[in-house]
Structures are given as C-alpha cells and as structure tokens.
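Notes follow once the structure below has been shown.
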Amino acid sequence: MENVSSATLHGSGHAAHHGDYLEDPKGLRSWLTTVDHKRIGIMYMWSVIFFMVVGGLLALLLRLELLTPKQTLITAEMYNRVFTLHGAVMVFLVIIPGIPAALGNFALPLLLGAKDVAFPRLNLFSYYLYVTGALMALCTLLLGGVDTGWTFYTPYSTTTGGGVTLMVLAAFVLGFSSIFTGVNFIATVHTLRAPGMGWFEMPLFCWSMYATALIQILATPVLGITLLLLVMERVMGVGIFDPQLGGDPVLFQHFFWFYSHPAVYIMILPAMAVISEVIPTFSKKTIFGYKAIAFSSIAIALLGFLVWAHHMFTAGMSLFAGAIFSFLTFFIAIPSAIKVFNWIATMWRGSISLRAPMIYAISFLLMFTIGGLTGLFLASLATDVHLHDTYFVVAHFHYVMAGSNLVALLAGIHYWWPKMFGRMYNDKLASVGAALVFLGFNATFLPQFVMGSRGMPRRYYNYLPEFQGLHIASTIGSWILASGLFLGLAVLIASLMKPKEQLARNPWGGRTLEWETASPPTTHNFDEPIALRHGPYDYRPVEEIEASEGVTR
Amino acid sequence: MNWFRDYLLGPQSATHATEVDSLFMFIVYLTIFFFFFNGALIFYAARRWRRKSDREITPHITHNTKLELLWSLIPAVVVFVVFFWGFKGYVSAFIPPNEALEIVVTGKKWVWQFEYPDGTRSLNDLHVPLNRDVKLVMHSEDVIHSFFVPRFRLKRDVIPGRYTELWFRATQPGVQQVFCAEYCGKGHSDMLARIFVDTPEQYETFLREGDEQTRTMPLGELGRLVYENKGCATCHSLDGTRGQGPSFKGIWGHPADGSDGKNYVVDANYIRQSILYPQAVVVKGFEPIMPTFQGLLREREILGVIEYIKSLQ
C-alpha cells in the first residue's frame, strides 16, 4: 500500500521506464503473486470466461432436455442438479464478479488516473477467494451434486441430500471475494482520483462501480449470515428455518432476498457502467445528463435495498406488506428509464460508429428495455400472482442478467480489449458475433415469455405437450446464441495469436484517461503525471474547451 | 384483439381472471409501445448520424432539464397507474368472501390432497361447484409447494407449519389444470392436479358417490382406502392386536359377545349397524366410544368396508 501511494504522489523516478504490464515482470509466478490491478483483472476475466463457457454448456444441456415433454437425455434428478449448477455458476462465478472484478479491476484505476486500487494485496486475496469458492462449488459434483436451485429455499435445502452444505459455503466464500472488491473500489474512488478530478469529473463508470460497491459491502454480509444459519441447521440441527425444528421457512426467503435482490443491482449497475462509457465514445459526443445518470446509479443502489419482498408476493405475506413492496419496486423503474433515455439522447446528433462494442451496447439498450418493461408485470401485484415462478420470470431475469449484464460485459471486453492486450481483433467477425448473440438471445427467451404467461411453471423437467412448440423455438435460439458467443470468443483469441503490433493509444477516440496511456499500459499505468485537460466525455476541439470557462485546469 | 390475449394467456375461467388480464394486456401494449419507440429512436440515430469521417464534430449538449423532467415524469405516472391497478386486483384476490365453500388442501411430495366440508377426500382431483365462491385453506406436510391454476390466474404458496388461503369463483364448466409452482424436488413437474368445475348436480353426486375413481374401484380396494383414510385404523388393527376397539382380523362370520349379554354374528348387517349406530351393540370388554359415521361414508364405501373385513381372514 505505502509504496503504491508514494508512487502515485511522486511518480518516482524508477517507475519511468517500465515495460508493458503483460510482460514486466515475466513468468507464471509473477502473475500468480501480482498485486497489479490490471493483471488481477485479466485473471478474473479469463476465469469468468471459463465459467461462462461451463455455465453455457450446462444451459445448452438443459435446453436440449426440454426439446421433448418427457425424458430426452437425462433423468429428472440430473436435470435438477444441472439447473442448480447452471444458476449457481452463472450468478456467483460469472455475473456478480464479471464486470466489477474483471473489467472494474482493469479499468477503474485507469479511468481515475490512479496507479492501482487502494488495497492491491486485498485485491489479490479477493481473487484467490474467488478461485477457492469456485473450486468448492465444483467439488459439490463429487458429493452427488446439489438439487436445490441456486436460491436454496428451505426446508427443501435443509432436508435434501448431496453437497448442499459445500455449495452454500462456496457461496459464502465467494461473497467475501465480492465484499473485498467492493471495499477496494470504494476506497479507490475516494482516495485515488487523479489530482484535480472532482466527483463530477469522474467517468460514469466509476459512479456506477461505486454504487455497486456500496451494495456489495452492505448486502453481501447478510447473505453470508443467512448461508451460515442454513449450514447450522443442516449440520447441527439448529431450528431456524425448518418448521419441524420450530423454524420459519419464509424467514429464509426474506433473508435470502434481502441480499439477492440488491444483488440484481450488483449485476445491472456495472452493466450500466460499461454502457455509459461505450455509447459516448462511439457516438463521439458528450454524455447527455451526466448528473442524472450518476444520481440514478446511487438511487438504484439505495432503492435496491427496499424491494426484496417482491419475490414473495405469493408466499403468504400480508396485504399491506405486499402493497408497500410493490410500490417501492415501481420506484426503481424510474431511474432505470431515465438512464435509457439519457443514453439514447447521447446518440442523438452524434457521430455514430457501429463497431463491435457499439453493436453490443445497442443490443443492451434494446434488451434492457424489454427486461425493464417486463419487470412491470412482476412488480404489479395482480399480474405477479399469475406469473410468479413461471417461465415469464425466467425470461425476464435472463433479459436483465444475460441480455443486459452479459451483453454489457461483452461490450466492455471488446471495448477495452485493445487496451488490455495491445491487439485489435477482427471487427467484422466480432460484429457478426454480436448480431448472432442478439438474434439468438431473443429467439431463446421471447418464446419463454409466452410459455410463462400461458402457465408453464419454471424448473419443470416434464411439461404438458401444449408447450412443446415454444420449447423447440427456445432450444433452437439457444444454439444461435451459443454460436454467436463462441464466434466472439474465437475472434478474441485469434487476435492474441497475431504478432504484437504497435497499436495506437486511443483506437476508438475515447476521452477518458485510460486512452492517454500506452496500449497495453505500462506496469504503473501512466508514465507522466496526469494532467486533466478536459472532462471525461468532452469531444469539443481543444480551443473551444480552453475558451469555455468551466474548464481551467 | 381477443385472439392476442387468448394466445398469450389462455382462456379465462374464473372471475378474477378478467381483471388480471386487462392489466396484463395494458402492460403488454405499454411494453410494445416503449420497445418500438426506443428501438425506432436508436435505429434512426444510428442511420441518420452514422459516422462518415473521423473529423466530424458533434454538438456539445450536456443536458436539457425540461426534457429530462419530462422523461422522468412520464414513466412515474405510468408506473403509478400500473401499481394501483395491480394493487386493486390483488386485494380482491386476497380477501375471500364470507360464505365461501371451504376446502382443505394438503400438499406433500408429490401429491395434492383435498378435503371437503363433509369429510369427503380426494387425491389430485379437486371438485368444485360452478359459479360459487370456493376458499382453499392450504398447508404442506414437507417442503414448500405452490398451488397454481393458470386459467384462474391464481397462485399461492403452500407452506409447512402455517396455513395459506386462496379463493376463486370458477366461471367455466370443465377441467382446469393445476401445477405445483414452487420447486420441490424430483417429482416437482409431475405434481399436477385437476380441478373439475361441476354443475351443482354433478357436485352433489360427487359428494354422495365419490368421483369417477371411487365409483369404479373394486369394493375391497375402496374398503381398504376407507379403512386407512377415515380413521378406522386408529382403533381397529388388522393383525389381531387389541386397540381401542376389536381388531378386524378374522372376525367375519364369527360370533361376537355383546356387552348386553347377547351373542351376535359378524355379518354384513352387523358391520353396517356398527358403522352407522356404533352404540347399538358394543363388544364385551370395550368402551362405547366409537363415533357414528352417518353422513361421512357413502353407501358404496360401507359396502367396501364390509368387503374389506370379509377379506381379512
């Protein structure tokens, strides 16, 4: 910590001639013991991509099983284990760490003009906790798997066999990994902004990451406690949730969603963070309504804590509680809508370049619109009673968690790829991949809305034949989606096979600080002291900026 | 546009469905409108202002307070309309009318059991009268289940250790599908039930004579079900053990000593009398504690019990 901050302060002499961070120092050991935020970000990114492939293959298997109303490939027990693992892997190992830990670690200090995060060693520790948690989650397979669903509802989860305890402890460990990332980002944003960078001169990515970090450190401990209580009940027979031991099963749902609903915003705020960077760059235009976007991130983070029980409208809650939670849930729709309109307004009269990151960003805008609007059906009490626990919910949260979050992750990876590796990928093929992801995603999940509103419950291994047509459409969609994702991955990996070129510092023409350093950056990020010459999204010509009074740095 | 509604939701079969569906369709049109509105703006912008040269200069527009207020207020108004509409529908679905017919529902892995006010029970087939308010009082014997009737647009979790309620008034005669909507393990997707919406006459027949299954089941088997489900087993054993009452084992055709000093033979009439008027003859050495089963057993079920006892040699 000390040497990092002193390096920040003095830009001390020896730092001036560092090589690029990927190769200085060399060797596997230097990577595994690195405290460089960029290297940790890259290690997180490859881990997340690996688990995305694992979770995706599990999803393909589920969709394949659902081709026919009865058994197609696997047994019911197997099916239940596969959907649990798919959910747990995607939520805890891909989506929650995805943007914050991979892209956030890489980009946040660069965007702030810092040399690293505030606590570099804690950062590395968080990565090893992630790896430990991931290995624990995979080890449950050796114990016969877990068939509770990723939500671990009691008393099912306290009475069923298999590796539930290990899986729950894995989620507990992963929770701490997430908390440490959050602590790091909050401290980094508070203390390591470049000299002269006020809060409202930060890129919006940092605002969103800050809001995410607030949720991570405030909500995740509740999940940790809840999961420990669950383990106590399973292992020691302490009656907390199981009515046979004098517990209350619905209490678990309150505890669980008190974390897991805010966790939805741990998933969507980072997506919004990436989009707020990509859209101005590829529109070559200043962001519209900076403060509205920044404050709505904070509003979403705070309101996110007050809506958890909207997952429980059919669980026998009082009428009054239902009304309050529904009302508060609708509040969240407003800052989300504001952001979408702001992004569209940013594109308006811009100079729009449709490169792969922008195509992902536009996909995000469209799919987040669907994901957000279909949330209205579920926030509204009367319609939620019908739609709860059906495929409508499955489709809705996939639009938010995959259609929005994963697509934003892909946008971000494509956006910062040249900065990360100093190599440009084949943009045409990457764009084809992006288009396939968009088509495939909608083909997979649009039919699920209809299935759900017609009454198809979720987590069903067998289903009534009347739903088969829609299931077939959805399964074919999953193949298109998979081909798009694998094409995207192949294009990225192919770019790494190419010999290293002398890539421009700023291939997209962005205005934030990461584009002012080399691609890839040197180990200490910036070789010269940072001088802020313009705001993060200021695309005016230099003379004009200097002439305008607000910017006199 | 009724075809569109029917495609998305399926037919409406209870009073509650009409209100849910109007709100559902309102949000559907809202979603379609805003999706195409946003989509059109995005595609217009991407075409109209597609970058032609890297030197293009864009206007520096940082914000527009009026516009931003407008697009904050419009969603606010829309969501509050949807909130109140949804709340209204929830209230009417939440509070059951006073005179509703009460049926007890028990969920357990992986069957639904129904018990009617007169003590009749049925498994996985629920019979309800058409156009009458019905209230289900539900609980679970193991994990959480959820009673979901898509055509009624209703669902409520079925929880161990507490009662939850669900009420409806079926408006269409015929059969309705019931699903378990809360994941409950291996048999979750097979935990299905059917609701038979009967005319008043059909419903009376059901209570009197049972459903299709009880009407056609072999008598002996029906007798065994009655023995297990209606409480006989509590006092009368099958293996000769003495309980609160005499065991059923091997009594058929044998004499029984009455506490009045007379001798009786266990035959069909004796058994029938013991079920309907249990105090008429009490076997010596036992307390006169058996309750009457008048009105609780159907004629065919009494015949079933006789047949069953006959088989227990």
Side-chain angles (χ1 to χ4, degrees), chain A residues 76-77 149 153 155-156 160 243 249-250 284-286 288-290 292 314-316 319 322-323 326-327 330 333-334 337-338 340-341 344 347-354 362 365-366 369-370 373-374 376-377 380-383 385-386 388-389 450 453-455 457 459-463 539-540, chain B residues 8-10 19-20 23-24 27 30-31 34-35 38-39 41-42 45-46 49-51 56-63 68 71-72 75-76 79-80 82-83 86-87 89-91 93-94 143-144 146 148 150 153-157 159-162 164 179 181-186 188-190:
Chain A
E77 287 101 324
Y153 269 22
Y156 188 81
T160 185
V250 180
K284 208 181 175 191
K285 181 161 164 284
T286 193
F288 186 95
Y290 176 98
T314 69
L319 190 61
S326 166
F327 187 77
F330 278 112
I334 301 168
I338 291 174
V340 171
F341 289 126
I344 296 176
M347 291 174 67
W348 209 251
R349 297 177 64 193
S351 164
I352 294 167
S353 159
L354 293 178
I362 288 177
L365 286 180
L366 295 172
T369 301
I370 296 180
L373 285 163
T374 51
L376 297 181
F377 293 87
S380 160
L381 291 158
T383 41
V385 168
H386 175 58
H388 180 73
D389 270 338
V450 181
S453 63
R454 292 182 66 89
R459 296 175 170 175
Y460 259 36
Y461 169 71
N462 292 323
Y463 58 86
Y539 286 89
R540 289 173 294 176
Chain B
L8 290 178
L9 289 156
E19 192 166 9
V20 174
L23 174 57
F24 182 91
I27 313 178
L30 209 67
T31 303
F34 276 107
F35 175 73
N38 285 358
L41 291 179
I42 291 165
W49 294 294
R50 182 83 183 264
R51 189 176 301 175
E56 278 172 359
I57 290 176
T58 56
H60 187 71
I61 310 167
T62 56
H63 65 287
E68 287 178 81
W71 71 44
S72 311
V79 298
F80 290 127
V82 176
F83 164 72
F87 178 55
Y90 191 61
V91 172
F94 208 93
V143 300
I144 300 178
S146 187
F148 175 32
R153 317 283 187 257
L154 284 174
K155 176 185 297 116
R156 176 96 17 192
D157 290 2
I159 301 168
R162 67 163 78 171
T164 51
F179 295 108
E182 186 63 67
Y183 173 69
C184 56
K186 185 186 164 198
H188 172 52
S189 64
D190 301 320

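Here the structure is a predicted model, which is why all the values come from computation and not from measurement. Reminder, nothing fancy here: chain letters follow the sequence lines and each chain counts from 1.
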(request) Could you walk me through whether B:Val143 and A:Tyr153 pass the side-chain contact (heavy atoms from CB on, under 4.5 Å) test, one step at a time? (result) CA-CA 9 Å; B:Val143 300; A:Tyr153 269 22; over 6 Å; no

(message) Between A:Ile344 and B:Asn38, is the side-chain contact (heavy atoms from CB on, under 4.5 Å) condition met? List the steps.
(response) CA-CA 8 Å; A:Ile344 296 176; B:Asn38 285 358; 3.8 Å; yes

(request) Mind running side-chain contact (heavy atoms from CB on, under 4.5 Å) on B:Ile57 and A:Tyr539 for me, showing each step along the way? (result) CA-CA 8 Å; B:Ile57 290 176; A:Tyr539 286 89; over 6 Å; no

(request) Give the intermediate values and the outcome of side-chain contact (heavy atoms from CB on, under 4.5 Å) for residues B:Thr62 and A:Tyr290. (result) CA-CA 7 Å; B:Thr62 56; A:Tyr290 176 98; over 6 Å; no

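A:Leu366 touches chain B through backbone and side chain together, each having a heavy atom under 4.5 Å away. Within the 4.5 angstrom heavy-atom criterion, atoms from both the backbone and the side chain of A:Ala382 approach chain B. Contact annotation for A:Ala323: both backbone and side-chain heavy atoms come within less than 4.5 Å of a heavy atom of chain B. Both the backbone and the side chain of A:Ala315 come within contact range of chain B, each with at least one heavy atom under 4.5 Å from a heavy atom of that chain. For a residue to count as touching a neighbouring chain, one of its non-hydrogen atoms must lie under 4.5 Å from one of that chain's; by this rule B:Ala181 touches chain A with backbone and side chain alike. Of the two parts of B:Glu182, the backbone and the side chain both hold a non-hydrogen atom closer than 4.5 Å to a non-hydrogen atom of chain A. The contact between B:Asp190 and chain A is made entirely by side chain atoms (from C-beta outward), counting heavy-atom distances below 4.5 Å.
The number of heavy-atom neighbours closer than 6.0 Å to CZ of B:Arg51, taken from other residues, nucleotides and ligands shown, is above 12.
Contact count against chain A (heavy-atom pairs under 4.5 Å) is highest for B:Ala76 among B:Gly10, B:Gly89, B:Ala76. Heavy-atom pairs under 4.5 Å with chain A were tallied for B:Phe94, B:Phe87, B:Phe83; the largest tally goes to B:Phe83. For the options A:Gly316, A:Gly350, A:Gly322, heavy-atom pairs under 4.5 Å to chain B are most numerous at A:Gly350. Taking chain B as the reference chain and counting heavy-atom pairs below 4.5 Å, the highest number among A:Leu373, A:Val450, A:Thr374 is found for A:Leu373. Note: A:Arg454 leads A:Glu77, A:Met347, A:Arg454 in heavy-atom pairs under 4.5 Å with chain B. Per-residue heavy-atom pair counts under 4.5 Å with chain A were compared for B:Val20, B:Thr164, B:Leu30, and the maximum is reached by B:Val20. The residue among A:Ser326, A:Ala76, A:Ala337 with the most heavy atom pairs within less than 4.5 Å of chain B is A:Ser326.
B:Lys186 and A:Tyr156 make their closest contact through N-OH, 4.3 Å (heavy atoms, listed as atom of the first residue, atom of the second, distance). Taking each heavy atom of B:Phe35 and A:Thr369 in turn, the nearest pair found is CA-CG2, 4.0 Å. Between B:Ala45 and A:Ile352, the shortest heavy-atom contact is O-CD1, 3.4 Å. Looking at every heavy atom in both residues, A:Ile334 comes nearest to B:Ser72 through CG2-O, 3.8 Å. In plain terms, the two heavy atoms of A:Pro249 and B:Ile159 that are nearest each other are CG-CG2, 3.7 Å. The two residues A:Val385 and B:Arg153 come nearest to each other via the heavy atoms CG1-O, 4.0 Å.
Between the side chain of B:Ser189 and the backbone N or O of A:Tyr460, no donor-acceptor pair lies under 3.5 Å. B:Thr58 places no side-chain N or O within 3.5 Å of a backbone atom of A:Ser351 that could act as its donor or acceptor partner. In this structure, A:Lys284 contributes its side chain and B:Glu56 its backbone to a donor-acceptor pair below 3.5 Å.
One distance of note links CZ of B:Phe34 with CZ of A:Phe341; it measures 5.5 Å at 0.5 Å rounding. B:Arg156 contributes atom CZ, which lies 10.5 Å from atom NE2 of A:His388 (distance to the nearest 0.5 angstrom). Expressed to the nearest 0.5 Å, how far CD1 of A:Ile362 lies from CD1 of B:Ile42 amounts to 6.5 Å.
Here B:Phe24 and A:Phe377 bring their ring centres to under 6.0 angstrom of each other.
Results of the side chain to side chain contact (heavy atoms under 4.5 Å, CB included) test with B:Leu23 over A:Leu376, A:Leu381, A:Thr383 single out A:Thr383 as the only residue that passes.
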